[in-house]
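Working notes, structure below.
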Number of protein chains: 2
Amino acid sequence: MTRTPIWKAISDTLRDDIGDHIHRPGDKLPTEAVLAARFGVNRHTVRQALAALADEGLVRARRGAGVFVTATPTDYPIGQRVRFHQNLRAAGRSPAKKLLALDTRTATKAECDALQITDAQVHVYEGLSLSDGQVIALFRSVFPASRFPHLPDYLRRDPSVTAALRASDVPDYTRASTRITAKLASATQALHLQINEGAPILRTTNINVDASGTPVEAGMTWFAGDKVTLTLGAD
Amino acid sequence: MTRTPIWKAISDTLRDDIGDHIHRPGDKLPTEAVLAARFGVNRHTVRQALAALADEGLVRARRGAGVFVTATPTDYPIGQRVRFHQNLRAAGRSPAKKLLALDTRTATKAECDALQITDAQVHVYEGLSLSDGQVIALFRSVFPASRFPHLPDYLRRDPSVTAALRASDVPDYTRASTRITAKLASATQALHLQINEGAPILRTTNINVDASGTPVEAGMTWFAGDKVTLTLGAD
DNA sequence: CTATATTTGTCCGTATGTATC
DNA sequence: TGATACATACGGACAAATATA
């Protein structure tokens, strides 16, 4: 077991500070000399930490001016109505989705339980969620195939779940339950989310129901822990 | 970079299955031989995975009978009213708190923002949250000292925040906001939470307000990712 | 209650890759 | 470079506890 290098500890601290909005986007970080004094290390050690943050796209250094915060973890509100595109646009982000896979197969026992169906086919929709062009989440949604026979066609035309469900005669849906756990990124997840294997992941398991309370979607989303903050209530 | 051992991958899979309620408390897991066949490994490798789960207290093996699920990650509901003791008792758990530190100091800038106060003293309450005797979370709460001068005395007598606030003329409080991120456990956190360094952590940052909407508490809680599932809405 | 099969616990060993000195 | 220790993974054999016919 090799202990964490000092520069990494410093970059972690600064990343947390940015995530906690102690340094907001546009803010100028303290100068390298000040940071070096605060952490009691050489300026080069601080530079290595800042270089790591710059590499992640969190900060940008301008010669002669200072180091500025460029990005902050995306706030992702979760509540009664969770809509990916609306949520991100409301937060001033530009949302996008990338389709990874879309097929139909027999549901597992857990999926049957979640969707309250008995031994049936489900559509499986896997993809990536992007915020400002950066991958923030990997998701997998399953839908009862018998009720939504043409859903895959709709999703292929428009990746929005909201739109596809509306086209399937579900004008509105609400979130019945959300379960949140923390995990470590597996190799494949890390690849998709463009993070390191073993990086922290926020995993949410959710069920969306239609107006009558019948489940229409069971989803699982893996958020890159460093890139997203789930929020509840007003900020 | 050393890849993850097979036994760990297996224990992770089983832990997820237990967390997803595929195997419920009291259930008997498939026999070691069956699991070995399913994962295509030697029985000893499965045994090592099961030993890890037994060490975490998730399963218990009975010679001649099988391996049984003893616990499931604690469901921790978060919503408008978050009460540690009430939440856990409602979930059939036995809650407890352990006081780590209780002192009064000058508030940081972030704490002033959260509590909507200007340059004042705050009480800092740090401790551990236990469920069925197992540590599930590490927390730090800050309270405005000017408004609650005797709060530390109340907390020393009874670790319940709800009780201490009630004694301080705050009969009720609600959660104004919750922010959730995933982190990796630092060495000190790992020590307190009795997990490994680098294990996944759910960190929530929250603000509780009184009936008039004035912040009374700003808290940060670090949940052991493997031991807790945050839940929203009915399950 | 008695056999018998099942299942976990413990011991022996072999081989391989990795980290450390 | 070599020597050593450690973790991982596999294979087999048998003992001990349990379930069941």
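Values in this document were obtained by computation on a predicted structure and should not be read as measured data. Throughout, protein chains are lettered first and strands after them, A, B, ... in sequence-line order, and every chain is numbered starting at 1. Side chains included, hydrogens not; waters and symmetry mates left out as well; all remaining heavy atoms used.
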(request) Could you go through the side-chain hydrogen bond (donor to acceptor under 3.5 Å, both in side chains) check for B/Glu217 and B/Ser141 one step at a time? (result) CA-CA 6 Å; B/Glu217 183 218 358; B/Ser141 289; 2.5 Å; yes

(message) Tell me whether the side-chain N/O atoms of B/Gln48 come closer than 4.0 Å to OP1 or OP2 in D/dA9.
(response) no

(message) Ignoring hydrogens, what is the shortest heavy-atom contact between B/Leu193 and B/Ile201? Give both atom names and the distance.
(response) CD1-CD1, 3.4 Å

(request) Would you indicate whether the side-chain heavy atoms of B/Val161 and B/Phe84 approach each other to under 4.5 Å? (result) no

(message) Under 4.0 Å between a side-chain nitrogen and a carboxylate oxygen: does that hold for A/Lys227 and A/Asp132?
(response) no

(message) For A/Asp75, is there an ion pair with B/Arg179 - N to carboxylate O distance below 4.0 angstrom?
(response) yes

(message) Protein within reach of the bases, or only the backbone? For nucleotides 10-18 of chain D, mark each nucleotide 5' to 3' as B, S or -, using heavy atoms under 4.0 Å.
(response) SBBB--BBB

(request) Round to the nearest Å and state the distance from B/Trp7 atom CH2 to C/dT16 atom C1'. (result) 18 Å

